[in-house]
Amino acid sequence: MSADSSTAPRLQVDTPPPDDLLTSRPVIRSRHPWRWVATAVVLVLAVQLGHGLISNPFYQWDRFRFWFTQAPILEGLLLTLEVAAWSAVLGLLGGVVLALMRLSGVALLQAVSWTYIWIFRAVPLIVLLLFLFNFSALYPQLSIGIPFGPAFSGIDTTDLLGYTVIGVIGLSLNEAAYAAEVVRAGLASVDQGQHEAANALGLSRARQFRRIVLPQAQRAIVPAYVNQLVGLIKASSLVSYVSLLDLFGTVQTLGATFPGDIVPLLLVATVWYVILTSVLSVVQYYVERYYARGSQRTVPPTPFQRLRTVTRKRFA
Amino acid sequence: MNGKTAVEIRGATKSFGTHRVLDGIDLDIRAGQVAAVIGPSGAGKSTLLRTINHLDQLDLGYVKVLGELIGVREHRGRLHELGDRAIRQQRSRIGFVFQNFNLFPHLTILENVTEAPRAHRRPTPEKRALELLEKVGIAEKAHAYPRQLSGGQQQRAAIARALALEPELILFDEPTSALDPELVGEVLAVIKELARTGTTLVIVTHEIAFAREVADLVFFLDGGRLIEHGPAADVIDNPQHPRTREFIGKVL
Ligand SMILES: Nc1ncnc2c1ncn2[C@@H]1O[C@H](COP(=O)(O)OP(=O)(O)O)[C@@H](O)[C@H]1O
Ligand SMILES: [Mg+2]
């Protein structure tokens with residue numbers, strides 16, 4: 001047989017080759033020439049764009065370098081991180097409470113939760129923030145007492161609510177509405193059989209939630225919520241409208257003082273936001289991988305692992 | 001085998017919407033007996049079994065396990081549903097094995113088995129769990145996760161989990177129906193071993209030959225009614241009711 005194939009004539013279209021020849025050679029993949037053309041076109045455009053970005057004096061890269069790590073910018077960055085972090089945590093806690101209310105089976109709690117989510121998803125964040133900012137004008141006194149009755153003690157809202165707190169409250173109220181949906185979807189994704197098995201073992205409802213339902217729901221909740229946080233970081237720039245000097249607020253203020261530097265300052269803000277969301281994207285990627293364990297036989301390779309195999313194949 | 005009644009069901013009736021799934025079922029199973037519940041799909045077998053540990057609630061009638069009303073208490077001639085805590089206590093005395101195993105996928109096999117004893121604060125849960133895994137023949141899988149086991153091994157782990165609280169009664173809902181044919185035997189062997197130890201078992205099954213061999217009693221259900229029941233040999237070898245005859249003729 002093998003002697004046969006080694007002496008076989010070159011393939012002709014009209015004479016079918018012997019079977020063992022067809023089965024012994026790997027299939028030749030089709031070439032997709034248009035993919036190469038498209039790649040070339042995009043590459044040229046990208047290089048042009050990059051060159052423009054670097055060489056165009058409009059961007060003033062030397063000013064960019066000057067501003068990038070200036071103290072006010074870094075302080076703004078810190079405030080952005082602080083506001084976003086608090087809102088992420090408080091928003092998630094609120095979301096869990098709202099989701100549990102929604103799944104409670106108690107009609108009033110469900111209605112309250114539904115209404116909350118409905119309203120806070122509908123109201124634009126900036127409107128919500130401005131409302132809160134003017135809150136002290138609307139309710140100058142927060143008082144503790146009998147509902148509709150006399151008040152026992154009161155606090156000045158302006159004392160109670162610093163601007164940072166207003167920003168965090170606004171973002172958290174908004175974030176909770178979205179987090180509630182993420183958490184609810186995660187809890188609902190746990191198989192009904194898991195509840196039944198836990199019930200049949202006589203586990204208390206609290207223990208069922210803590211030991212059986214939540215850990216399984218987390219697989220759906222955590223990656224989705226980390227994704228949600230990318231939006232939160234960008235949305236946090238709106239707190240500059242309520243007098244907060246976050247990253248964006250600082251850049252705006254500096255831009256007013258140094259009008260010539262407005263473009264490099266905006267670039268500074270852009271690059272910092274890109275860095276923050278990139279860090280989150282990497283975190284999200286690894287969180288997803290972590291939670292995919294056990295549900296998939298083989299975990300997909302990381303970008304680095306993929307890059308290594310591709311380069312090895314190409315240049316081997 | 002003593003004469004105590006392990007399971008007593010009277011007038012069990014339940015509807016889903018307008019569909020009557022259980023229609024006035026009475027049955028008795030004595031302690032130590034093995035009862036097989038058979039019948040066509042949709043007959044109400046699972047629902048009946050699930051009412052025995054109050055996973056499903058009856059509309060009318062009651063279930064008693066070892067003389068104790070399940071899921072309800074009597075007060076002035078009416079039945080009132082019990083609170084969560086009391087129901088949990090009752091369920092801890094009744095094991096349940098599901099068709100689809102329902103193991104907790106994020107816990108190891110050992111953790112699956114120790115979960116309930118820990119929740120109920122039983123002594124030495126781990127030691128006991130390892131003994132049980134030994135008993136069902138998967139001790140070497142103690143630290144594996146459910147998805148890493150074959151279906152037969154998963155069901156044996158689920159049986160070990162059901163045994164962990166040392167229940168006086170174990171309910172099986174088609175324990176081998178989700179298994180590849182070559183894995184059925186290993187699970188049936190474990191159940192057969194349990195039957196020998198004198199625990200009361202109620203098994204919903206389509207394995208008629210197994211029921212004939214292991215069960216003391218057979219209950220044939222159809223359309224939510226108990227059509228025929230009696231010693232396994234009588235019902236299976238010599239069914240009286242035409243529907244029983246037809247059903248057994250089909251599945252044997
Ligand atoms: N949760 C439910 N809601 C509505 N109908 C149900 C529910 N559970 C079971 N049923 C119906 O009740 C009937 C009996 O179900 P089941 O007890 O599972 O039967 P079997 O186990 O004998 O196949 C079926 O017709 C089924 O569709
Ligand atoms: Mg069933």
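Note that the coordinates shown come from a computational prediction; the quantities given were computed from them, not determined experimentally. Residue numbering restarts at 1 for every chain, and letters A, B, ... go by the order of the sequence lines.
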What part of [X] gets within 4.5 angstrom of chain A, counting heavy atoms only: side chain, backbone, both, or neither?
X        : answer
B/His120 : side chain
B/Asp84  : side chain
B/Arg50  : side chain
B/Phe104 : both
B/Leu103 : backbone
B/Glu115 : both
B/Leu107 : side chain

Side chains of [X] and [Y]: closer than 4.5 Å at any heavy-atom pair?
X        : Y        : answer
B/Arg91  : A/Asn199 : yes
A/Asp191 : B/Asn102 : yes
A/Ser204 : B/Arg85  : no

> Is it true that atom CZ of A/Arg205 has more than 12 heavy atoms of other residues, nucleotides or ligands lying nearer than 6.0 Å?
Replying inline: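 No - once you tally the heavy atoms of other residues, nucleotides and ligands closer than 6.0 Å, there are 12 at most.
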>> Are more than 12 heavy atoms, taken from residues, nucleotides or ligands other than B/Glu81, located less than 6.0 Å from that residue's CD atom?
In response: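 Enclosed: over 12 neighbouring heavy atoms sit under 6.0 Å from CD of B/Glu81.
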Check [X] against [Y] and note the closest heavy-atom contact, atom names and distance.
X        : Y        : answer
B/Arg88  : A/Gly202 : CD-O, 3.1 Å
A/Ala197 : B/Phe98  : CA-CE1, 3.6 Å
A/Leu201 : B/Arg161 : CD1-CD, 3.8 Å
A/Leu203 : B/Ala116 : CD2-CA, 4.0 Å

>> If you count heavy-atom pairs within less than 4.5 Å of chain A, which of B/Arg93, B/His54, B/Arg118 leads?
In response: B/Arg118
> Under a 4.5 Å heavy-atom cut-off, does chain B meet the side chain of A/Arg211, its backbone, both or neither?
Replying inline: both
